[in-house]
Colleague: 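Before anything else, here's the structure in question.
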Amino acid sequence: MVGKNEVKVKGASGGKTVGSAPSVEREGRAMSGWPMLAATILGWIVAIAVIVVASFLLNAAHGDGGAAANVGTVLLIVGIALCVVMSMVPAGFFSLQPNEARVLVLFGEYRGTVRGEGFYWSNPFYSRDLQPADQEESDGESLTAALTGKKKPAKTGQSAVKAKISLRARTLNGPKLKVNDRNGNPIEIADVIVWRVTDTARAVFDVDHYEQFVGMQAETALRHVASRYAYDHNAQTDEAAAGEITLRSNIAEVSQALRDELAERLAPAGITVDDARLTHLAYAPEIAQVMLRRQQAEAIIAARTKIVQGAVSMVEMALKELDKDGVVELDEERKAAMVSNLMVVLCGDNDAQPVVNAGSLYN
């Protein structure tokens with residue numbers, strides 16, 4: 001027997017179930033609750049009045065039988081039946097706030113989804129909980145527990161999926177995860193995701209506990225995206241590192257990749273991702289000090305490079321200006337000494353202590 005959402009393919013070997021077709025949300029029918037509320041109140045009044053009249057007729061007959069007693073008995077049965085019916089009617093009332101929806105399921109059959117704020121009434125037998133709060137153990141888990149004599153602890157956080165679903169945007173603050181980047185370096189990373197339910201049928205019928213499904217897929221997507229990129233550039237030159245996307249330097253590109261990954265993973269559950277961004281990014285504690293020294297060395301090298309480039313340009317400018325204005329004529333040896341002294345002064349960490357030569361320049 002093939003289920004409602006299962007696809008059956010006919011071939012040489014006969015019918016074969018190959019998978020389940022995704023659920024499709026459709027509009028459900030529910031009438032306004034206000035006319036039904038008035039009808040319910042009127043029904044209770046009629047039921048009570050019929051019971052009162054029946055009691056009066058039965059008391060008037062004094063157990064002698066006759067038409068009055070028969071009519072009273074019939075009215076009493078009708079009044080009791082009306083009370084039973086009226087007691088079931090209030091179960092069909094429900095209200096929806098803005099960005100809320102109600103999934104209508106009658107004895108396991110999906111009858112549609114009601115959207116839009118207001119006060120409604122529908123079939124009282126529509127389910128309010130679409131999934132049991134505590135799922136039963138599988139046969140394998142039960143057998144393992146029986147053989148080992150260990151009782152499986154009760155599941156926590158397993159709440160029933162309600163028929164009323166919020167369509168508002170929700171925020172998921174992911175925990176800090178310890179993963180390896182593309183280079184194999186252990187890092188700590190966390191993200192925040194803004195998501196909403198757009199297809200109630202898929203969210204309820206195609207996955208178990210769609211909220212937990214979002215949390216699991218968010219962690220999986222973050223681990224996958226973190227493993228695709230390096231934490232920082234490893235190239236020796238700026239030109240080589242220009243086209244490389246890293247977790248630390250390319251936040252926008254990494255966030256877009258994370259959104260695309262989540263959208264693909266959560267689409268089967270009818271979930272839309274509005275935004276996804278990194279909230280924490282750091283090296284793991286065991287390599288943080290080493291990487292910090294490496295970053296400090298790279299910063300020192302970059303600063304020294306800039307200082308040397310600036311010193312060379314300043315020395316070159318000084319020599320050109322002296323030669324241009326004819327202030328002093330220096331041979332190659334004196335130019336070399338001047339260049340050496342200027343480079344020491346301009347590139348040194350400490351302030352230079354000048355020595356004034358009171359004698360001849362060539363002494």
Side-chain angles (χ1 to χ4, degrees), residues 2-9 17-32 92 94-123 125-133 135 157-174 191-222 224-225 255-277:
V2 182
K4 179 181 178 181
N5 291 332
E6 292 181 346
V7 180
K8 188 174 183 179
V9 179
T17 301
V18 297
S20 298
S23 303
V24 179
E25 180 181 321
R26 59 178 183 267
E27 183 179 0
R29 295 182 179 181
M31 61 181 296
S32 176
F94 65 93
S95 61
L96 295 178
Q97 299 178 7
N99 287 324
E100 277 190 343
R102 170 75 184 271
V103 179
L104 306 179
V105 177
L106 181 62
F107 301 121
E109 182 181 358
Y110 175 56
R111 292 298 183 89
T113 301
V114 178
R115 291 175 178 257
E117 57 187 281
F119 182 54
Y120 298 95
W121 185 86
S122 61
N123 192 327
F125 294 99
Y126 282 144
S127 302
R128 294 182 176 272
D129 291 340
L130 305 180
Q131 204 165 325
Q135 298 179 348
Q158 293 283 355
S159 58
V161 177
K162 301 296 182 181
K164 186 183 294 186
I165 298 177
S166 174
L167 305 179
R168 302 183 180 95
R170 312 188 196 184
T171 302
L172 174 64
N173 289 317
D191 63 348
V192 58
I193 301 170
V194 180
W195 61 279
R196 67 178 70 240
V197 177
T198 54
D199 192 312
T200 58
R202 289 188 174 187
V204 172
F205 302 116
D206 288 358
V207 297
D208 281 338
H209 295 283
Y210 61 91
E211 294 180 347
Q212 298 179 9
F213 180 79
V214 172
M216 295 293 293
Q217 293 300 322
E219 178 178 342
T220 304
L222 181 60
H224 183 253
V225 170
S255 299
Q256 183 61 44
L258 181 59
R259 285 194 294 271
D260 295 340
E261 182 82 13
L262 286 170
E264 181 180 357
R265 291 176 178 271
L266 297 180
I271 306 295
T272 299
V273 179
D274 294 338
D275 192 16
R277 296 186 181 275

Colleague: How long is the span from the CD atom in Q97 to the OG atom in S95, to the nearest 0.5 Å?
Modeller: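 Interatomic distance, Q97 CD to S95 OG, rounded to 0.5 Å: 6.5 Å.
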
Colleague: Is there a side-chain contact between P268 and D206, using heavy atoms and a 4.5 Å cut-off?
Modeller: no

Colleague: Is R111 paired with E109 through a side-chain N to carboxylate O contact shorter than 4.0 Å?
Modeller: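 Salt bridge flag = yes for R111 with E109.
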
Colleague: Report yes if some heavy atom in the side chain of R265 is under 4.5 Å from a heavy atom in the side chain of F213; otherwise report no.
Modeller: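 The answer is no, as the side chains (C-beta and beyond) never meet within the 4.5 Å cut-off.
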
Colleague: Can you check whether P98's main-chain N or O pairs, donor with acceptor, with R168's side chain at less than 3.5 Å?
Modeller: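 Looks like yes, one N/O pair under 3.5 Å.
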
Colleague: Grab the two heavy atoms, one from A218 and one from L172, that are nearest each other, plus how far apart they are.
Modeller: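 The answer is CB-CD2, 3.8 Å.
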
Colleague: Kindly compute the distance separating CD (E219) from CD (Q217), expressed to the nearest 0.5 Å.
Modeller: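 Going from CD on E219 over to CD on Q217, the span is 10.0 Å.
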
Colleague: If we only count heavy atoms from C-beta on, is the V103 to F205 side-chain gap below 4.5 Å?
Modeller: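 SC-SC contact between V103 and F205 confirmed.
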
Colleague: Nearest 0.5 Å please: distance from the CD1 atom of I193 over to the CG atom of D274.
Modeller: 11.5 Å

Colleague: For atom CZ of F119, decide whether the heavy atoms of other residues, nucleotides or ligands shown that lie under 6.0 angstrom number more than 12.
Modeller: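 Yes, the 6.0 Å shell around CZ holds more than 12 heavy atoms from other groups.
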
Colleague: Using every non-hydrogen atom in the two residues, find where R277 and S255 come nearest and quote the distance to one decimal.
Modeller: CA-OG, 3.9 Å

Colleague: Taking G28's backbone N and O only, do any of them form a donor-acceptor pair with R102's side chain (distance below 3.5 Å, no angle check)?
Modeller: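 Not confirmed, R102 side chain does not pair with G28 backbone.
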
Colleague: So which atom in A221 and which in L262 form the shortest heavy-atom distance, rounded to 0.1 Å?
Modeller: CB-CD2, 3.6 Å

Colleague: So does A276 get a backbone contact from the side chain of D191, meaning a donor-acceptor N/O pair under 3.5 Å?
Modeller: no

Colleague: Taking side chain as C-beta onward, heavy atoms only, is I165 less than 4.5 Å from Y210?
Modeller: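 Yes, at least one pair of side-chain atoms sits under 4.5 Å.
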
Colleague: Check A101 against L167 and note the closest heavy-atom contact, atom names and distance.
Modeller: CB-CD1, 4.0 Å

Colleague: Would you find more than 12 non-hydrogen atoms of other residues, nucleotides or ligands less than 6.0 Å from M31 atom CE?
Modeller: yes

Colleague: Could you check whether any side-chain heavy atom of T198 comes within less than 4.5 Å of a side-chain heavy atom of R196, counting everything from C-beta outward?
Modeller: yes

Colleague: Once rounded to the nearest 0.5 Å, what's the spacing between atom CZ of F94 and atom CD of E100?
Modeller: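 Those atoms lie 11.0 Å apart.
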
Colleague: With a 6.0 Å cut-off (strictly less than), is the heavy-atom count around CD of E264, excluding the residue itself, greater than 12?
Modeller: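 It does not: E264 CD has 12 such atoms or fewer within range.
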
Colleague: Locate the shortest heavy-atom distance separating L104 from S122; write the atom from each residue and the value.
Modeller: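 Heavy atoms only, the tightest pair is CD2-OG, 4.3 Å.
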
Colleague: Starting at OG1 of T113, measure out to CZ of R26 and round the result to the nearest 0.5 Å.
Modeller: 8.5 Å

Colleague: Find out whether R115 and T200 are in side-chain contact, i.e. whether some heavy atom of one side chain is under 4.5 Å from a heavy atom of the other.
Modeller: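 Sidechains of T200 and R115: in contact.
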
Colleague: Identify the heavy atoms of V24 and Y110 that sit nearest to each other, and give their distance.
Modeller: O-CE2, 3.7 Å

